[in-house]
Each structure stands twice: as structure tokens, then as C-alpha cells.
Participant: 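Mind looking over this structure? Questions follow.
One-based numbering, in listed order, for ligands and for the atoms of each.
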Amino acid sequence: MKTITLTMPLDMHVHLRDGEMLETVAPLTSYSFSGALVMPNLVPPVTTLEAVKSYRSRIKKAMESDDFEPYMTLFYQNYSRTFLESVQDDITAIKLYPSGVTTNSEGGVSSFDIESMRETLEAMSDLGIVLSVHGETNGFVMDREAEFMSVYEMLASNFPKLKIVMEHITTAEAVEMLDRYDNLYATITVHHLMITLDDVAGGMLRPHLFCKPIAKRPHDRAALLNVALAAHPKVMFGSDSAPHPKHTKESCGCGAGVFTAPIALQLLCEIFEAHDKLDNLQAFVSDNAQRIYGICAEYKEVVLEKRDFHVPELYGSVVPMRAGEILTWSIERVD
Ligand code: NCD
Ligand code: ZN
């Protein structure tokens, strides 16, 4: 039986939510990952040291394994240097959302005025706090990420020591930026390596594939595959697994988010195997992130085997991507 062992897999962008949803999804991520960068878009968003600490302890309680580290984030606002000094040991990154571009982003940044952001970004740069960014404008939906490239250029050139992660990139334009600025990095989801807009809306509407940023064109997916499969040293895996209850997805006004946490590693094996690049998967799901973030992850070995996995129809109230289908790789064991 063909197997692959991944050591210390990391998911550098995940939504764990809170309450009952947290109880459902946290054990699924903590089972197969050593750690994950946890997004702060709760209602209200995570903006204080107290909120970070109490959210972290709720996550720890909901997890079923001890060998998992939730890397915490704050929701970007213009914070003072004194505040950032007080919180730096408890967070790994600050997540910036442009206002209103995605789920629970209403309190985000409404204008990218560099002077008003300077104190915060300079302090983050000095303290080594990563800036993680949802890079979309509120323009035409297919152009939002490409239009945001000028904001990345402005941030990267004004704050050359600040590590900036372009989250869940979906376009060839974003891939090109990686080699243009030393301080720009990116996460890539598993679903954006697999689907294009055609899969979402080309036939019958598939609400469980609807997410922000929306999946783009075949040439964009090809550009993402190119850097992911090569484990380009500036890209990391970040699932952007974003659970929404079934009734809110299968409804008029469907929320954005694809739920992949329990099948992400299996799907990545399928993709990397299909392109004969399984040897590069370790770097894409762990080594690159450890180097970029300076993380020393909790030790964990995940053994995957080329054996059918029947994806459940539901996890709690959430429909996963590929629900009811059969994947060709399974998690054999976790040590
Ligand atoms: C995310 C969510 O549901 O919180 N949704 C999504 O489509 N990715 C928010 C986000 O990361 O944009
Ligand atoms: Zn997200």
C-alpha cells in the first residue's frame, strides 16, 4: 500500500468559530494538524488581549489532542505600539480585512491611508508580528484580488521589514507578486488548487464551493498549482476552511466559505500525487510555514495511505467539500 508520512502539518489559515461550531470543527483540525493560524473574525472580532486569551482557552478546551497549537491572531485596527508590546507574546499575526469584503469583516479597514496605519505597521515590523491580509477590493467580483495588488505593493515597499502574507491567493497576478517583493508571502487553499468559477456557477449552482475570494479562471488555477506543487519557498498551505451551517449555505443569501478541514490533507495527497510531486508536499504543508513564521511546531506524524475515504455528508451541521464522494487517500494514523 502506498503511504506518505507528513511531519508537523500546519494549516496557516483556518476559521474555528466559537460555541457549538467550535466544538464540532476544532477536533477535526487538531486531529491531523500540529498547529493552525486561527482567524479572528468572530462576532465581535478579536481585538483585545483578553479576547485572544479567552478564545485560545476555548479552542484548547474544544480540541481533542494536546499536540496541537492554535496560533492566535488579532483583527486589524490601528493599534498603539504600547498595546502591541503587551500582546506580542500571545499572537502570531494580525489579520487585516478590508471592510465588508467577506464574512464578519464589517469592522475592517475602509481606506488604506498609509499615514494613519504607520504607527501600527511600524510597530508590527519592529516586533516581528506578521501582517496577514485578505486582499480584495470591493470592485467587480472577478477583479477584486487583482485590483488589490497595488495595496500590497504600497504596504510591501513602505514597510520592507514587515512580513506580509497574501492570504488564500486565487490569481496569476498574486503569484507574480511573490518574486517582486522580498517581504511578501502567500497561503494557498486546497479548493483553489482544484476548482475554477465553472465548478461554482458554470452548471447547477454549488453553494458549498462558494467562498471569498471566489475561484477564478483556469490560467489562475494553473499559476497556483505551479507554485504549490513546486513548494515555492514563499508559499504555505492555509485551508481557509470556513464552516457555515448547512441551512445558511443552502439558502437565498448563501454565506461564503468552503469547509475542508477534515479532508484537506487527503485532497493535497491526491493533487500532489497526480502531478508526481508528493516529495514536495512536506515543504508546502509544514516546512515553509515553520521557516516563514519562525514556528517550532508540536511534534506530530500523520501517515496517509492510498486507500478510499468516504467523505461524510455532514460534520455536525456542516457540509464538507466533496460530501458523499470517495477520495483516493485516507489518514491511516497519527503518531
Ligand atoms: C471566511 C469565513 O466564512 O469566515 N469565508 C470565506 O469565504 N473564505 C472569511 C474569509 O476568509 O474570507
Ligand atoms: Zn479565511
Participant: Using a cut-off of 6.0 Å, state whether more than 12 heavy atoms not belonging to Lys60 lie near its atom NZ.
Facilitator: yes

Participant: Does at least one non-hydrogen atom of Glu167 fall below 4.0 angstrom from an atom of ligand 1?
Facilitator: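 Under 4.0 Å: no for Glu167.
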
Participant: For Tyr31 together with Phe68, are the ring centres under 6.0 Å from each other?
Facilitator: no

Participant: Between Arg333 and Glu305, is there a salt bridge with N-O shorter than 4.0 Å?
Facilitator: no

Participant: When you compare ligand 1 with Gly257, is there at least one nitrogen or oxygen pair between them that comes in under 3.5 angstrom?
Facilitator: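 N/O-N/O distance under 3.5 Å: yes.
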
Participant: I'd like to check which ligand 1 atoms, numbered from 1 as shown, lie under 4.0 Å from a non-hydrogen atom of Ala242.
Facilitator: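 What qualifies from ligand 1 is 1 (C), 2 (C), 3 (O), 5 (N).
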
Participant: Under the side chain to side chain donor-acceptor pair (under 3.5 Å) test against His244, which residue among Glu250, Arg17, His208, Lys249 passes?
Facilitator: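 When Glu250, Arg17, His208, Lys249 are each tested with His244, the side chain to side chain donor-acceptor pair (under 3.5 Å) holds only for Arg17.
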
Participant: So if I count the atoms of ligand 1 from 1 in the order they appear, which ones are less than 4.0 Å from some heavy atom of His244?
Facilitator: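 Heavy-atom distances to His244 below 4.0 Å select 3 (O).
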
Participant: Mark yes when over 12 heavy atoms from residues, nucleotides or ligands other than Arg307 sit less than 6.0 Å from its CZ; otherwise mark no.
Facilitator: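 Result for CZ/Arg307: enclosed.
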
Participant: Of all the atoms in ligand 1, which lie at a distance below 4.0 Å from a heavy atom belonging to Asn41?
Facilitator: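 Listed by number with element: 2 (C), 4 (O), 9 (C).
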
Participant: Side chain, backbone, both or neither: which applies to Met39 and ligand 1 if a contact is any heavy-atom pair less than 4.0 Å apart?
Facilitator: neither

Participant: Looking only at side-chain N and O atoms, does Asp179 offer a donor or acceptor that is under 3.5 Å from a partner on His232?
Facilitator: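 Yes.
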
Participant: Can you say whether the rings of Phe33 and Phe237 are parallel (under 30°), tilted (30 to 60°) or perpendicular (over 60°)?
Facilitator: parallel

Participant: Got the closest protein heavy atom to atom 5 (N) of ligand 1, with its distance?
Facilitator: Ala256 O, 3.0 Å

Participant: Any idea which N/O/S atom from His15 gets closest to the Zn ion (ligand 2)?
Facilitator: NE2

Participant: Are Tyr152 and Phe112 close enough that their ring centers fall under 6.0 Å?
Facilitator: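 Between Tyr152 and Phe112, the centre distance exceeds or equals 6.0 Å.
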
Participant: Before accepting this row, confirm whether a basic side-chain N of the pair Arg58/Asp18 lies closer than 4.0 Å to the acidic partner's carboxylate O.
Facilitator: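 Yes, charged N to carboxylate O under 4.0 Å.
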
Participant: Would you mind running through ligand 1 and noting each atom that sits below 4.0 Å from a heavy atom of Cys211?
Facilitator: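 Numbered from 1, ligand 1 contributes 7 (O).
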
Participant: Any N/O/S atom, side chain or main chain, of His134 closer to the Zn ion (ligand 2) than 2.8 Å?
Facilitator: no

Participant: Of all the non-hydrogen atoms in the protein, which one sits nearest to atom 7 (O) of ligand 1, and at what distance?
Facilitator: Lys212 N, 2.8 Å

Participant: If you measure from the Lys or Arg side-chain nitrogens to the Asp or Glu carboxylate oxygens, is any gap between Arg81 and Asp126 under 4.0 Å?
Facilitator: yes

Participant: Nearest 10°: the angle subtended at the Zn ion (ligand 2) by His13 NE2 and Asp240 OD1?
Facilitator: 90°

Participant: Looking at Lys277 and Asp279, is there a salt bridge between them, counting it only when a charged N and a carboxylate O are closer than 4.0 Å?
Facilitator: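 A salt bridge is absent here (no side-chain N lies under 4.0 Å from a carboxylate O).
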
Participant: Among all the protein's non-hydrogen atoms, which is closest to atom 8 (N) of ligand 1, and how far away is it?
Facilitator: Asp240 OD2, 2.7 Å

Participant: Where the closest heavy atom to atom 12 (O) of ligand 1 is concerned, which of Thr102, Asn104, Val258 has it?
Facilitator: Thr102

Participant: I'd like to know whether ligand 1 has His13 as a neighbour, heavy-atom separation below 4.0 Å.
Facilitator: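 Right, His13 reaches ligand 1.
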
Participant: Select one of side chain, backbone, both or neither to describe which atoms of His168 lie under 4.0 Å from any atom of ligand 1, heavy atoms only.
Facilitator: side chain

Participant: Counting backbone and side-chain atoms alike, does His168 have an N/O/S atom under 2.8 Å from the Zn ion (ligand 2)?
Facilitator: no

Participant: Which of parallel (below 30°), tilted (30 to 60°) and perpendicular (above 60°) describes Tyr97 and Phe75?
Facilitator: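 Ring orientation, 0 to 90° scale: parallel.
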
Participant: When you compare ligand 1 with Lys95, is there at least one nitrogen or oxygen pair between them that comes in under 3.5 angstrom?
Facilitator: no

Participant: If we only consider heavy atoms of Arg17, is any one of them less than 4.0 Å away from an atom in ligand 1?
Facilitator: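 For ligand 1, residue contact (heavy atoms, under 4.0 Å) with Arg17 is present.
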
